[in-house]
Amino acid sequence: MIFPLLMAFTNWGGALSIDALRNRTRNKIPKGWPLTFLSFLLGWGYFTAGLPKLIGGWLDVSYSTTAGFILRRYYSGADPMYLNEMFVKINNLFIYKILDYSTLLFELGFILTIFWSALFLRAIGIAAMFHLGVLLTVNIPFSLHVLVFLPYIIYFYFDNNSQFSERAKHFFSRNKKVFLTIGLILCVVIITDYYPRLFSFPRHLILFLVCIPSLFMVIPEFTRPLLDKLSKRDSHEK
């Protein structure tokens with residue numbers, strides 16, 4: 001509930017609404033402080049998730065809490081999904097401790113990235129991959145959580161001048177209606193994730209869809225030449 005409440009103060013309706021498309025002369029100045037505050041809340045949320053783990057013994061080298069979660073899910077009586085059964089068969093404490101320490105490092109260090117936009121965008125991409133990994137191994141879905149990443153994904157691809165060339169930015173602006181259509185389809189998928197009886201989409205589909213663009217946020221050096229090639233092909237066709 002905090003997410004739409006904060007976004008209501010950004011004037012996002014001036015750009016991402018049907019009214020904005022119909023009335024192009026209206027010029028609403030976006031406000032950045034709600035996203036800044038949301039970034040802090042994200043960082044604080046991950047920090048408060050990591051601190052109990054740190055105090056609760058995740059650093060202990062004699063056992064792995066991640067392994068405990070994976071085994072608990074497997075023997076809970078519910079059918080294991082995705083990679084849960086495969087990870088149960090991994091009997092290696094070293095690998096599981098890497099997962100423990102990686103979780104601690106990510107959750108405790110995420111809040112420090114909010115001071116550098118380029119680093120924070122990479123952290124958002126890592127966060128999406130993190131939640132996908134939790135779903136695949138422990139079968140705990142975080143579809144609700146990844147929705148708050150969408151404004152940062154939009155910023156990365158549409159308004160992040162430091163990442164892309166002018167040709168790539170023009171490519172996004174020229175094909176804005178296409179991406180808006182994709183956004184509407186994504187909204188339908190989000191709704192069906194809450195009410196799966198309406199449609200027969202696979203469960204947790206929204207998490208997988210959000211992780212696709214998030215992956216390129218982790219490695220923007222690969223994203224730039226890829227978008228340049230797409231924009232060149234688009235300009236040649238026109």
Side-chain angles (χ1 to χ4, degrees), residues 1-50 107 110-132 141-164 169 172-196 198-199 201 204-214 216-217:
M1 296 175 63
I2 295 176
F3 174 54
L5 180 62
L6 286 175
M7 293 301 296
F9 293 95
T10 62
N11 286 332
W12 62 350
L16 301 176
S17 67
I18 296 177
D19 292 335
L21 293 177
R22 293 177 58 186
N23 188 5
R24 298 179 182 274
T25 59
R26 181 178 299 177
N27 185 19
K28 286 190 175 183
I29 302 175
K31 297 179 181 179
W33 70 262
L35 275 180
T36 302
F37 188 54
L38 180 63
S39 303
F40 168 75
L41 292 179
L42 274 173
W44 181 251
Y46 282 116
F47 180 80
T48 55
E107 292 185 342
F110 188 92
I111 194 171
L112 300 177
T113 66
I114 65 176
F115 300 103
W116 300 275
S117 60
L119 184 60
F120 180 77
L121 291 175
R122 285 179 170 85
I124 288 292
I126 294 173
M129 298 298 108
F130 170 77
H131 290 308
L132 179 61
F142 284 93
S143 299
L144 286 174
H145 295 67
V146 298
L147 295 182
V148 299
F149 299 156
L150 295 180
Y152 304 103
I153 295 174
I154 293 172
Y155 169 76
F156 178 80
Y157 284 98
F158 287 91
D159 201 26
N160 189 5
N161 297 331
S162 62
Q163 295 291 342
F164 303 128
K169 287 184 288 184
F172 281 112
S173 62
R174 283 196 304 267
N175 298 278
K176 183 176 293 186
K177 291 184 178 180
V178 176
F179 290 107
L180 286 175
T181 303
I182 295 174
L184 290 175
I185 297 174
L186 185 61
C187 291
V188 173
V189 175
I190 291 172
I191 294 173
T192 58
D193 208 44
Y194 292 119
Y195 304 100
L198 295 178
F199 302 94
F201 286 120
H204 318 309
L205 179 61
I206 178 61
L207 182 55
F208 288 94
L209 291 178
V210 171
C211 283
I212 293 173
S214 301
F216 294 105
M217 295 172 65

### Point-to-point distance, once rounded to the nearest 0.5 Å, from CG of L6 to CG of L41
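L6 CG to L41 CG: 6.0 Å, rounded to 0.5 Å.
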Shortest non-hydrogen contact from [X] toward [Y]:
{"X": "L38", "Y": "V148", "answer": "CD2-O, 4.5 Å"}
{"X": "R122", "Y": "M217", "answer": "CG-O, 3.5 Å"}
{"X": "T48", "Y": "G45", "answer": "OG1-O, 2.9 Å"}

### Query
Can you name the side-chain contact (heavy atoms from CB on, under 4.5 Å) partners of A49, sequence neighbours left out?
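Result, side-chain contact (heavy atoms from CB on, under 4.5 Å) vs A49: K53, E107.
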#### Entry: Partners passing side-chain contact (heavy atoms from CB on, under 4.5 Å) against A127 (at least two apart in sequence or in another chain)
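Partners of A127 under the side-chain contact (heavy atoms from CB on, under 4.5 Å) test: Y46, F106, F110, F149.
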So do [Y] and [X] actually touch side chain to side chain, heavy atoms under 4.5 Å?
{"X": "P151", "Y": "F3", "result": "yes"}
{"X": "P34", "Y": "M7", "result": "no"}
{"X": "W33", "Y": "T10", "result": "no"}
{"X": "I124", "Y": "L42", "result": "yes"}

#### Entry: Flag if over 12 foreign heavy atoms under 6.0 Å of CG, L112
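Check passes, neighbour count above 12.
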Applying ring-ring contact (aromatic ring centres under 6.0 Å, His included), name anything that partners [X], two or more places apart in sequence or on another chain.
{"X": "F40", "value": "none"}
{"X": "F37", "value": "none"}
{"X": "F47", "value": "W44"}

### Message
If the condition is side chain to side chain donor-acceptor pair (under 3.5 Å), which residues does S39 pass it with, not counting sequence neighbours?
### Response
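Y152.
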### Query
When L132 is tested against each of C211, P141, S214 for side-chain contact (heavy atoms from CB on, under 4.5 Å), which residue passes?
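The single option meeting the side-chain contact (heavy atoms from CB on, under 4.5 Å) with L132 is C211.
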### Message
Before you tell me yes or no, could you show the steps for Y155 and L121 under side-chain contact (heavy atoms from CB on, under 4.5 Å), namely the whole-Å CA-CA distance, both residues' side-chain angles and the distance that decides it to 0.1 Å?
### Response
CA-CA 9 Å; Y155 169 76; L121 291 175; 3.8 Å; yes
